[in-house]
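Working notes, beginning with the structure itself.
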Amino acid sequence: MECYNQQLPECSAGLPNLAALGGGMVYDSTITSGDTATKPGWAQIFSGYNAEVLGIYSNGDYQPIPEGYTVFEKLENNFGDENIVTMFISGKSIHTGAACVGDSTYENGQPVTEDQGQPWCLTKDHLDYYENDLRQNLVVGNRALELLETHQNDLFFASFIFRVPDVIGHIGGENSSQYTQAIVGDDIWLGNIVDKLVELGIDDRTLIYVTTDHGFDEDGNTHGNAPYTFLVTNDPLVVREGDRKDIAPTILERYGISLGPLGNAPAVDGFSLYSFPAFECVPEGQAFIDYEGAPACCSGLSLISLDRAFNRNLFTYATGGTGDNSGYCTACGDGICTEPENFLNCSADCN
Ligand SMILES: [Zn+2]
């Protein structure tokens, strides 16, 4: 936001392509289920389920996304394989990986045999394009432009994941000039993609959603608990801020696909951003998302911050999110659950 708001020397022009896409509107997208990390992040963004439903909690505790749970598969099933092109093009490596149990992969640069099953193990076979570990923005970006050109006359749903700001943030830190420059670099690629759509004459019928799987710890070089992220879109039907798990339901609704059970997949956990949630108040154990018009905690419950919920082993403060009171509705008062992983059943475990 500092960069977007032209508060940094590297961003004297802000992030012009992002600002143009959203017409100056930036929505909060807050993380309330699953770690603020890559494996749980993209799995949730493209499915709309809680971490417990996906079985993907963190970069170290995960399994394949169950078959049929992703937006990609629901689109393929809805329109028929021949009638829609789905693409998952990622600069990330193992955390958007598709190695199944027993497959060769690597860890810290060393070859290992996968023992849990990476998130995209089952989904990859249902995609028209699954390309991972492209690394540099130039490679991801040029592949995006090429695929858009190839499929300019097709109905498509494409995701292009740019990895570079995260890498630079881990090296130089969140307040480094390099991190800011890397974010500007992503904005330039957004501009290149929009320019390509204009050149192809399909910009007026292509919806774009720009988001991220997690934030970054303020002044840190990790994202241990960085739940405050953003969504910028040219989709005019989006009316509110929301949760990381609300993006998939929004896309499903846009394509006219049910948010309820489909095949072996249960109803999604998130809510479409096209309307305000139908419930009057937030029940115990659920997240309150702080935006204008959001339902508050039900009576008798109190609101606790996002400080403690994600990392299942450690108490971790949430960083960033200035002025954002998002949190969880609990019967525990201000007490802290003795076992963070039992958070959703906290009332049995208050102290
Ligand atoms: Zn990272």
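We number each residue from 1, following the sequence as shown. Keep in mind that this is a model prediction, so the values were computed, not measured. Remember, it's 1-based here, ligands and their atoms both numbered in the order they're listed.
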Quiz item: If we ignore angles and hydrogens, is there a donor and acceptor under 3.5 Å between the side chains of Thr105 and Glu114?
Solution: no
Quiz item: Any side-chain donor-acceptor pair under 3.5 Å between Asp235 and Tyr209?
Solution: yes
Exercise. Examine Phe230 together with Tyr4 and report whether their ring centres are nearer than 6.0 Å.
Key: no
Self-check item: Neighbouring protein N, O or S atoms of the Zn ion (ligand 1) [cut-off: under 2.8 Å, no waters]
Solution: Asp166 OD1, Asp166 OD2, His170 NE2, His223 NE2
Practice problem: Search all heavy atoms of His214 against all heavy atoms of Ile31 and return the closest pair with its distance. | Solution: CA-CD1, 3.8 Å
Exercise. Would you check, one step at a time, whether the test salt bridge (Lys or Arg N to Asp or Glu O under 4.0 Å) holds for Arg240 with Asp246?
Key: CA-CA 10 Å; Arg240 65 175 177 88; Asp246 293 342; 3.5 Å; yes
Quiz item: Are the aromatic ring centres of Trp120 and Tyr130 under 6.0 angstrom apart?
Solution: no
